[in-house]
Amino acid sequence: MKPIPYGRQSVSEEDIEAVVSVLKSDFLTQGPVVQNFERDIAAFVHGKFAVAANSATSVLHIAYLALGVGSHDIVWTTPITFVATSNAARYCGATVDFVDIDPKTYNLSADKLEEKLIKAKKIGKLPKVVVPVHFSGQPCDMERIFKLSNEYGFKVVEDASHALGATYHNNYIGCGEFCHISVFSFHPVKIITTGEGGVAVTNDKDLAAKMKFFSSHYITNNEELMTDKPDGAWYYQQLGLGFNYRMTDIQAALGKSQLSRVSGFVKRRIEIAKTYDKALADFKGLVKPFQLEGTSSAWHLYVVLVEERKRVFDYMRSKGINVAVHYIPVHFQPYYSALGFKRGDFPNAEKYYEQCLSLPIYPDLSSEQQDYVLRCLKEAVS
Ligand SMILES: *Cc1c(COP(=O)(O)O)cnc(C)c1O
């Protein structure tokens with residue numbers, strides 16, 4: 001029997017046809033499909049502008065750059081995230097710090113954020129950007145975070161890598177009501193995939209234009225933006241230092257086709273989560289995911305807390321179920337310890353890490369497979 005993964009893509013014949021049609025067309029990259037996909041994503045989340053790139057990591061980098069993050073700036077995020085969230089700030093040379101999590105939602109705590117802001121203001125070390133991560137697909141307390149952003153003058157980039165199709169106060173994450181830029185990932189385990197890929201969504205035209213520039217060498221063919229008259233029709237100018245972070249049309253075709261099924265994907269994830277919730281209701285010594293009022297998760301992950309996590313993890317793996325741990329607190333990584341972070345710095349995150357276990361959840365997980373996961377989990381915890 002093939003192991004059951006914790007997450008995986010769901011690729012249809014239509015997806016394959018969409019990719020093949022690009023392969024047969026004139027442009028594999030920088031053709032019309034990326035723009036089309038960007039338009040579709042923006043329309044889906046009800047945001048104004050979307051900028052696609054070759055990964056969400058790249059998108060985070062250009063989002064921070066567009067907001068002006070540099071080596072004299074400070075960026076705060078949560079320790080319970082994938083390292084990319086903070087690494088992208090380090091690419092800008094910024095100082096990274098973390099805000100501990102809420103012990104119920106496992107998201108960056110708005111209370112802890114406020115406490116930390118009060119202290120930072122006193123010593124003149126306020127962050128330029130704060131990056132809440134919608135962990136597992138459940139939106140953070142964005143209204144409060146955004147209110148703090150207005151009060152303390154920082155910008156908000158939401159790392160929505162897990163949260164395409166999630167809603168906050170009945171609006172899709174990405175609509176930009178309570179942040180400046182939203183970032184989505186299209187890695188195969190995420191809600192939809194482009195193989196590798198990501199997108200930024202913003203309602204700020206200027207930020208969108210900057211991110212687009214950063215994603216493609218900061219080069220323009222637009223005469224109006226040039227410093228002097230073009231030498232001829234071949235002419236372009238590089239106006240800043242950008243990167244080659246472009247998404248290909250091959251990837252965008254897959255993403256566009258996948259996006260047409262996103263509602264079904266999220267619906268199925270919600271169904272699986274509900275089945276887990278119900279079945280686990282009377283499991284002793286196990287904590288189910290808590291849902292914040294006014295939010296609807298995209299259920300990228302279904303995380304339970306168990307005692308003796310290592311034993312339960314090993315047991316599930318021995319049964320062919322590839323449960324996972326999301327995440328090792330970022331400040332535990334040797335790279336971050338070397339920057340001065342220590343064990344004990346973020347107690348809620350560290351306590352969470354001792355017990356967390358991600359169970360399989362993805363659209364093509366069958367009821368039989370889920371029953372099997374539940375059976376094995378019952379054996380492991382009882
Ligand atoms: C997956 C992920 C990323 C990075 O996404 P890539 O597209 O793989 O670069 C960043 N942040 C979070 C929270 C993620 O889960």
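Each ligand, and each atom within it, is numbered from 1 in the order the structure gives.
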* Can you list the atoms of ligand 1 that are under 4.0 Å from a heavy atom of Tyr327? -> 15 (O)
* Which of parallel (below 30°), tilted (30 to 60°) and perpendicular (above 60°) describes His46 and Tyr172? -> tilted
* **Lys NZ or Arg CZ of Arg269 over Tyr362 ring: under 6.0 Å, within 45°** => no
* So with a 6.0 Å cut-off around CG of Asn170, is the heavy-atom count from everything else above 12? -> no
* **atom 15 (O) of ligand 1: nearest protein contact (heavy atom, Å)** => His162 NE2, 2.7 Å
* To do: Go through ligand 1 atom by atom and flag the ones less than 4.0 Å from a non-hydrogen atom of Val133.
  => 13 (C)
* Asked: Could Glu14 and Arg261 be called an ion pair, given the rule that one side-chain N must be under 4.0 Å from one carboxylate O?
  -> no
* Any idea which atoms of ligand 1 are less than 4.0 Å away from a heavy-atom of Thr81? -> 13 (C)
* Where ligand 1 meets Gly197 - atom numbers and elements under 4.0 angstrom, heavy-atom basis -> 7 (O)
* To do: Please identify which atoms of ligand 1 are closer than 4.0 Å to at least one heavy atom of Ser185.
  => 1 (C), 5 (O), 6 (P), 7 (O)
* To do: Indicate the ring-plane relationship of Tyr336 and Phe341, choosing parallel, tilted or perpendicular according to the 30° and 60° boundaries.
  => tilted
* **Any Ser58 heavy atom less than 4.0 Å from ligand 1** => no
* Asked: Thinking salt bridges, do Asp314 and Lys310 make one under a 4.0 Å N-O criterion?
  -> yes
* For Ser161, counting its heavy atoms only, list the atoms of ligand 1 lying under 4.0 Å from any of them. => 2 (C), 3 (C), 10 (C), 11 (N), 12 (C), 13 (C), 14 (C), 15 (O)
* Asked: Closest non-hydrogen protein atom to atom 11 (N) of ligand 1, residue and atom name please, with distance?
  -> Asp159 OD2, 2.7 Å
* Proximal candidate to atom 14 (C) of ligand 1 [heavy atom criterion; set His187, Glu196, Lys190] -> Lys190
* **Contact partition for Ala56 relative to ligand 1, non-hydrogen atoms under 4.0 Å** => both
* Asked: Just wondering, do Cys179 and Met142 contact through their side chains at under 4.5 Å, heavy atoms?
  -> yes
* Structure fact -> closest protein heavy atom to atom 9 (O) of ligand 1 is Thr57 OG1, 2.5 Å
* Donor-acceptor contact below 3.5 Å, side chain Asn348 vs main chain Asp100 -> no
* Of the options Ser216, Ser58, Ser215, which is the one that meets Arg246 in a side-chain hydrogen bond (donor to acceptor under 3.5 Å, both in side chains)? -> Ser216
* **Enumerated ligand 1 atoms positioned under 4.0 Å from heavy atoms of Thr85** => 11 (N)
* Asked: When you look for heavy atoms under 4.0 Å from ligand 1, do you find them on the side chain of Phe184, its backbone, both, or neither?
  -> neither
